[in-house]
Amino acid sequence: MQRKLSLPDARITMFHQRALTDIVEHSDEEGKESAGEEDTQKSCNEGDVNKNEPKTQANLPLMHQVVMEGNLELLKELIKNGADINILDENGWPPMHSAIRSGNTECAAILIKEGAGEFYYNKQKQDYLRRLERCQKGRKISNTFCWELTKCVKPLLSHFKEEKMVQRPLIIVMLLFALIACHEASNLCQDPKDCQVSFKPMGCFKDRRHERALPQYIYNERDDSIANYGGKKIDWNDWENYLPGFVCRCAKKAKDLGYDLFGVQHFGECYAGSSSSDQYDRHGPGKCKDCLGTDMNDCNGRKFCAGKEWRNMVYKTVDLCSVPFERIGCFHDQKEAPRLLPSYLLNDRDESLPNFSGQLIDWENWYEYLPNLVCRCAEKAKEKGWKLFGIQFWGECWGGPDDSMFYTEGHAQPGGCADQCSNDCACSNRFCAGKQFTNAVYAITEHVDEGSAKAGEVYIVG
């Protein structure tokens, strides 16, 4: 049985036209799939889970399959026989994009020598310049995304400006890799300013009515007759800005209730569960068209997406802490007596010290790592009886008494502490780390039986 999605609002905008007319290709509302059905569509989650795994879907152009598998001989043969080196896949990208994302630099270099580099570069440039123009005009785009465009992409575009694309293929390949790496690294950082929870996307997955993958229906902005209605309706006319806000509200509700998993379903429904007891992927991955981004196009690995009916766009919270705290600020540490955070509680830097935590700073996953470090530091500080604690030099945890003299060290200069996106810490950032000679200081907000270390002494806790 096929059924169309229905929307209560009679007005139809470009953004929700697709949601209105799209046919839900499920056999019924419980998500039963036809036995033996061949899924020829790629899973939206391949980009998140198996980025380098070759894709051999029947509907993927042969040129894309060849470059993703790194088959140089077949690639040369296809080019020799006149194959289109810029043939687009179902998402509108040429083989150059597939080669780069698959890590096959030799295939990318061959394509560039045949003229594909300029085509791909122009496509990327147009997309980024369009969004950069919106940033410059003050349109509502994440501040971090604007930072990415101005600090990371613009220098690359400037470098390209005077280059002849076919003359330096390996340089161009490296720059294109940098462009994609920059975009993907900043994907987790595209939160609205008022987003109070840190989370990462897990992917798009199927769901069923009587066997919910995430069993708790905790919040909705679709139906005001349900007790969990949040007082706000889906804003189809401003979907681009509405969706990130809804995902953040869903995340906060899930976190407040103690769930580390949550899913956005049917555009405005929020479900939750626990990774310790619930299997969010139990019904299998969804197809790419089952979850949509802020432009109502396929999600394709973006952070802010919503599942259609009986489909969950699943997220995992990365900042669940057992000890409540608040961030006080970023302060100098002269490393001279008296040290106002005297207890060196744990460190993720130096394996030779007795307070080494057993794990090193995870630079590659800094967005997730920093909240984990701060939470571990909070727990250790409370255990040792300190009201205040600080993160210094990226991976050191220090603790000390609740002493107003702490402020005599003075606030650090801008840039002294960094947030989860390695940007300067703003007042609203919950998680920050001090750089060398600075502490990002926090205060535990529940009762603590304070320790006895004196301000002038330094203790390495083993």
Side-chain angles (χ1 to χ4, degrees), residues 188-189 196-200 251-252 254-256 258-261 274-276 315-331 333 339-402 406 416-422 425 429-453 458-462:
L188 289 172
C189 295
Q196 301 177 41
V197 183
S198 299
F199 51 87
K200 64 176 182 178
K252 186 177 186 308
K255 182 180 177 181
D256 289 346
Y259 299 111
D260 65 335
L261 293 174
S274 299
S275 56
S276 60
Y315 299 87
K316 184 173 183 180
T317 301
V318 298
D319 64 347
L320 284 176
C321 298
S322 60
V323 176
F325 58 83
E326 61 183 3
R327 194 171 72 84
I328 294 178
C330 186
F331 297 89
D333 186 348
R339 293 287 289 274
L340 296 174
L341 292 180
S343 290
Y344 190 9
L345 298 171
L346 63 84
N347 94 88
D348 290 358
R349 298 190 65 90
D350 190 343
E351 299 175 73
S352 68
L353 293 178
N355 67 354
F356 178 62
S357 67
Q359 69 178 84
L360 291 168
I361 298 172
D362 189 349
W363 299 109
E364 292 184 5
N365 299 293
W366 179 256
Y367 180 90
E368 302 170 46
Y369 164 80
L370 180 56
N372 174 268
L373 171 63
V374 175
C375 292
R376 285 186 287 122
C377 188
E379 292 168 0
K380 194 70 172 178
K382 183 180 179 182
E383 175 191 333
K384 298 299 180 181
W386 297 124
K387 189 76 171 179
L388 296 182
F389 66 95
I391 304 297
Q392 183 172 151
F393 202 22
W394 305 104
E396 299 176 354
C397 167
W398 294 77
D402 187 4
F406 183 85
C417 292
D419 64 14
Q420 289 168 268
C421 301
S422 299
C425 268
N429 292 126
R430 176 170 161 80
F431 295 101
C432 293
K435 299 180 183 179
Q436 198 167 16
F437 304 115
T438 57
N439 273 311
V441 180
Y442 304 81
I444 295 175
T445 56
E446 64 184 12
H447 176 73
V448 176
D449 293 324
E450 290 211 70
S452 59
V458 174
Y459 296 80
I460 297 181
V461 178

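Below, each value reflects all heavy atoms present in this structure, side chains not excepted, and no hydrogens, waters or symmetry copies.
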> Taking the six-membered ring for Trp, are Tyr369 and Trp366 parallel (under 30°), tilted (30 to 60°) or perpendicular (over 60°)?
Replying inline: tilted
> Heavy-atom distance under 4.5 Å between the side chains of Cys397 and Arg376, does that happen here?
Replying inline: no
>> Restricting to side chain to side chain donor-acceptor pair (under 3.5 Å), what partner residues turn up for Lys316, sequence neighbours left out?
In response: none
>> Donor-acceptor check, side chain of Thr438 to backbone of Gly416, threshold 3.5 angstrom: yes or no?
In response: yes
> Of the non-hydrogen atoms in Phe389 and Ala378, which two are nearest, and what is the gap between them?
Replying inline: CZ-CB, 3.5 Å
> Which heavy-atom pair separates Pro401 from Pro342 by the least distance, and what is that distance?
Replying inline: CD-CD, 4.1 Å
> What's the verdict on side-chain contact (heavy atoms from CB on, under 4.5 Å) for Asp260 and Ser274, showing C-alpha distance, side-chain angles and the deciding distance?
Replying inline: CA-CA 6 Å; Asp260 65 335; Ser274 299; 4.1 Å; yes
>> If I take atom CG from residue Asp362 and atom CD from residue Glu368, how far apart are they, to the nearest 0.5 angstrom?
In response: 8.0 Å
> Between atom NZ of Lys200 and atom CG of Asn365, what is the distance when rounded to the nearest 0.5 Å?
Replying inline: 7.0 Å
> Which pair of non-hydrogen atoms, one from Glu446 and one from Lys387, has the smallest distance, and what is that distance?
Replying inline: O-NZ, 2.9 Å
> Looking at OG of Ser322 and NZ of Lys382, how far apart are the two atoms once the value is rounded to the nearest 0.5 Å?
Replying inline: 7.5 Å
> Is the Cys330 SG less than 2.5 Å from the Cys425 SG?
Replying inline: no
>> Under a 3.5 Å cutoff, is there a donor and acceptor pairing between the side chains of Glu396 and Asn347?
In response: no
> Given the rule in the side-chain contact (heavy atoms from CB on, under 4.5 Å) test, do Leu346 and Leu373 qualify, once you have shown the distances and angles that lead to the verdict?
Replying inline: CA-CA 10 Å; Leu346 63 84; Leu373 171 63; 4.1 Å; yes
>> Checking side-chain contact (heavy atoms from CB on, under 4.5 Å) between Trp398 and each of Ile391, Leu341, Val441, Leu388, which is the one that passes?
In response: Leu341
> Using 30° and 60° as the class limits, which term best fits the ring planes of Phe325 and Phe431: parallel, tilted or perpendicular?
Replying inline: perpendicular
>> Is the shortest side-chain heavy-atom distance between Val197 and Asp319 below 4.5 Å?
In response: yes
> Hey, what do you get for CZ (Arg349) to CD1 (Ile361), rounding to the nearest 0.5 Å?
Replying inline: 4.5 Å
>> The criterion is side chain to side chain donor-acceptor pair (under 3.5 Å); which residues satisfy it with Glu326, sequence neighbours excluded?
In response: none
> How close do Gln392 and Lys435 get, heavy atom to heavy atom, and via which atoms?
Replying inline: CG-O, 3.9 Å
> How far does OH of Tyr367 sit from OG of Ser422, to the nearest 0.5 angstrom?
Replying inline: 12.5 Å
> Could you go step by step and tell me if Ser198 and Gln420 meet the side-chain contact (heavy atoms from CB on, under 4.5 Å) rule?
Replying inline: CA-CA 9 Å; Ser198 299; Gln420 289 168 268; 2.9 Å; yes
>> For the backbone of Cys432 and the side chain of Tyr442, can you confirm whether one donor and one acceptor N or O come within less than 3.5 Å of each other?
In response: yes
> Taking all atoms of both residues into account, what is the closest heavy-atom pair of Leu370 and Ala433, and its distance?
Replying inline: CD1-CB, 3.8 Å
> Under the side-chain contact (heavy atoms from CB on, under 4.5 Å) criterion, do Lys384 and Ser343 qualify, and how do the steps go?
Replying inline: CA-CA 9 Å; Lys384 298 299 180 181; Ser343 290; over 6 Å; no
>> If I compare all heavy atoms of Gly434 with all of Ala440, which pair ends up nearest, and what's the gap?
In response: N-CB, 3.6 Å
